[in-house]
Amino acid sequence: MATMAVAEISELHAQNLQLHSTIGQLRNALEVAAAQTQTEVQSARAAMAQDIADLKDTVQALRDGLDSQAIASEAALQALRAAHAAETDQLRSAVNALRLQLDSANADAAQSLRSQEAQAHRDQEVLKEHIKLLRIQLETNA
């Protein structure tokens, strides 16, 4: 019996050693897997950080582009407003000049009409005087 107990103890000891060996192998495999996972996680984090940095750069480039476009559009709009304001001023000046010409033409026409009316009145007076003289001549000749 004692030999059997020693044999069982030896077998248990061998199984214990085999279990320790298996545990050691599993521990080593787990440490390798953990290290590999840690490396993959770090690599994935680095890739994500690079993707985020690239996205930030892209967003900033888009913002800068939009800002530049907005500045250019505002400058173009101001130039257009200035051109329209200058054109409006020019048109106002032209309209005012035409009004002055029209007023002058109206004044000239009114003066001409008054002169013609005065001349017509003088002509009528002269004709009336001629008619009187002719009547007087007729009456004296008759």
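With sequence neighbours excluded, the residues that form a side chain to side chain contact (heavy atoms under 4.5 Å, CB included) with Glu74 are Leu77, Gln78, Arg81. For Asp64, the side-chain hydrogen bond (donor to acceptor under 3.5 Å, both in side chains) partners at least two apart in sequence or on another chain are Gln60. Residues satisfying the side-chain hydrogen bond (donor to acceptor under 3.5 Å, both in side chains) criterion with Arg114, sequence neighbours excluded, are Gln111. The side-chain hydrogen bond (donor to acceptor under 3.5 Å, both in side chains) search around Glu8 returns none, not counting sequence neighbours. Gln119 meets the side chain to side chain contact (heavy atoms under 4.5 Å, CB included) test with Arg122, Asp123; sequence neighbours excluded. Here Val126 pairs with His130 under the side chain to side chain contact (heavy atoms under 4.5 Å, CB included) rule; sequence neighbours left out. Judged as a side chain to side chain contact (heavy atoms under 4.5 Å, CB included), and not counting sequence neighbours, the contacts of Gln69 are Leu66.
Residue-environment remark: CD (Glu125) exceeds the threshold of 12 foreign heavy atoms within 6.0 Å.
The salt bridge (charged side-chain N to carboxylate O under 4.0 Å, His left out) pairs that include a residue from residues 91-100 are Asp89-Arg92, where partners are two or more places apart or lie in different chains. For the side-chain hydrogen bond (donor to acceptor under 3.5 Å, both in side chains) condition, the pairs that include at least one residue of residues 31-58, sequence neighbours left out, are Gln50-Asp54.
Side-chain atoms of Ser104 do not come within 3.5 Å of backbone N or O of Leu100 as any donor-acceptor pair.
A distance of 11.0 Å separates CG of Asp103 from CG of Leu98, quoted to the nearest 0.5 Å. Atoms CG and CD1, from Asn141 and Ile136 in turn, are 12.0 Å apart once rounded to the nearest 0.5 Å.
Partner Ile131 forms a side chain to side chain contact (heavy atoms under 4.5 Å, CB included) with one of Arg135, Glu129, Lys128 and no other, that one being Arg135.
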Report, one line per pair, each donor and acceptor closer than 3.5 Å where one atom sits in a side chain of residues 13-30; sequence neighbours left out.
residue : atom : partner : partner atom : Å
Asn16   : OD1  : His20   : NE2          : 3.1
Thr22   : OG1  : Gln18   : O            : 2.9
Asn28   : ND2  : Gly24   : O            : 3.3

